[in-house]
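Below: one structure, written as structure tokens.
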Protein chains: 2
Amino acid sequence: MRWCSRAVTLTIIAIAMNNKEYISDEQTLDNAGIRVTAVRLLVWRQVRHGFSDAFSLADLEAALPTVDRSTLFRTLSTFTEAHLLHEIDDGTGSQKYCVCSARDTHHCEGHVHLTCIRCHRTYCLTDVRIPSVPLPEGWASTETEYVVKGICPACNREK
Amino acid sequence: MRWCSRAVTLTIIAIAMNNKEYISDEQTLDNAGIRVTAVRLLVWRQVRHGFSDAFSLADLEAALPTVDRSTLFRTLSTFTEAHLLHEIDDGTGSQKYCVCSARDTHHCEGHVHLTCIRCHRTYCLTDVRIPSVPLPEGWASTETEYVVKGICPACNREK
DNA sequence: CTGTTTTCTGCAACCGAGTTGCAAAAAGAT
DNA sequence: ATCTTTTTGCAACTCGGTTGCAGAAAACAG
């Protein structure tokens with residue numbers, strides 16, 4: 001793990017603030033090879049702790065009205081490239097993002113997604129791998145999207 | 001099968017034109033409960049005979065430049081509602097459509113789609129059904145999207 | 001600490017796909 | 001032939017995503 005003087009400084013600040021999360025988030029970005037800025041820290045803390053499920057650029061915009069949309073967009077791209085997030089195409093027409101679980105950098109690929117057609121929330125079934133199917137001769141597969149559309153338990157309950 | 005006087009008239013015209021396809025397409029729309037108009041016939045013949053694979057609104061627009069985009073859009077919606085077409089969400093960001101095979105009205109649901117990341121064409125594997133996965137307690141599934149992204153044989157060959 | 005270089009951010013504008021309201025045109029009914 | 005209903009074309013608009021550019025912030029060098 002890399003450990004630079006700026007991070008040490010932040011650690012001291014964080015201890016002073018008695019805020020352990022602050023250190024941890026800073027480290028996460030740093031470990032991912034991303035330069036830590038105020039905006040990025042803000043965005044990361046929002047997506048890490050502020051959303052219970054997959055979120056869209058619009059969700060993030062609503063949660064952080066002080067930050068410009070294009071900046072949020074670019075930040076999401078940066079995070080995605082650094083494998084902090086993964087993109088989900090749930091067929092709602094808007095790109096969704098989801099935090100990659102810490103333990104496994106590449107867990108993001110190949111799992112099933114659930115989309116609720118009522119509340120439009122999308123969830124990851126990180127532990128359910130996509131079953132494979134036979135492909136025609138000559139096709140080379142690179143990636144597979146498996147999205148189950150339906151009604152989530154919460155929407156189901158409220159009838 | 002319904003058979004109205006207008007259709008008979010068109011049959012006569014078609015025989016005069018020695019064009020069997022013409023009758024057949026007209027019948028298809030009529031059977032689907034869709035009023036037959038010049039534009040709809042034009043669109044149907046294009047999507048039925050003019051595309052080898054799934055197509056987008058933009059593809060249709062390019063193929064039929066004389067027809068307005070909004071009309072094409074509404075026509076596609078009409079056809080989809082009448083189960084002449086089915087919609088495919090292949091994750092390219094643009095809605096695709098594909099002709100439903102004649103023998104089975106509901107065949108459209110539940111099969112696998114292939115999308116080429118080079119040429120952006122999308123194909124139906126109508127005979128490969130989507131394998132199911134276990135869902136969490138409380139979820140009610142209505143539909144499942146299974147899209148394999150990769151390189152199609154044609155793109156693979158041209159290296 | 002100060003000046004220089006590099007990166008990031010906000011603004012504005014743009015793009016493409018999808019969508020809608022409305023009036024004219026076409027089709028169907030009487 | 002006339003009236004009613006449906007369809008079509010036009011224009012405009014929405015919404016999500018995206019880019020160019022100039023100023024702000026961060027990293028770097030002295």
Item to check | Side-chain N,O (A:Thr37) to OP1/OP2 (C:dT9) below 4.0 Å | outcome: yes
Next on the checklist: When you measure from the side-chain N and O atoms of B:Arg40 to the phosphate of D:dT7, is any distance below 4.0 Å, counting only OP1 and OP2?
Outcome noted: yes
Checklist entry - Which listed nucleotide (C:dA27, C:dT7, C:dG18) is nearest to the side chain of B:Arg35? => result C:dA27
Item to check | B:Leu42 CG to C:dA26 P, straight-line distance once rounded to whole Å | outcome: 15 Å
Next on the checklist: Between B:Asp25 and B:Arg45 (side chain of the first, backbone of the second, donor and acceptor by atom type, cut-off under 3.5 Å), is there such a pair?
Outcome noted: no
What does the list of N/O pairs under 3.5 Å between the protein and nucleotides 19-21 of chain C look like, with a distance for each?
residue : atom : partner : partner atom : Å
C:dG21  : O6   : B:Arg74 : NH2          : 3.2

Checklist entry - What is the nucleic acid contact for B:Thr71, judged by heavy atoms within less than 4.0 Å: base, sugar-phosphate only, or nothing? => result base
Next on the checklist: Please check: side-chain N/O of B:Thr75 versus main-chain N/O of B:Arg40, any donor-acceptor pairing under 3.5 Å?
Outcome noted: no
Next on the checklist: Parallel, tilted or perpendicular: which one describes the rings of A:Tyr146 and B:Tyr146, with boundaries at 30° and 60°?
Outcome noted: perpendicular
Item to check | Closest nucleotide among C:dG10, D:dT8, D:dT6 to the B:Thr75 side chain | outcome: D:dT8
Item to check | Gap between atoms CG and P, on B:Leu76 and D:dT8 respectively (whole Å) | outcome: 12 Å
Checklist entry - What is the distance, rounded to the nearest whole Å, between atom CD of B:Glu61 and atom C1' of D:dC10? => result 13 Å
Checklist entry - Mind checking whether A:His113 and A:His86 have parallel, tilted or perpendicular rings, split at 30° and 60°? => result parallel
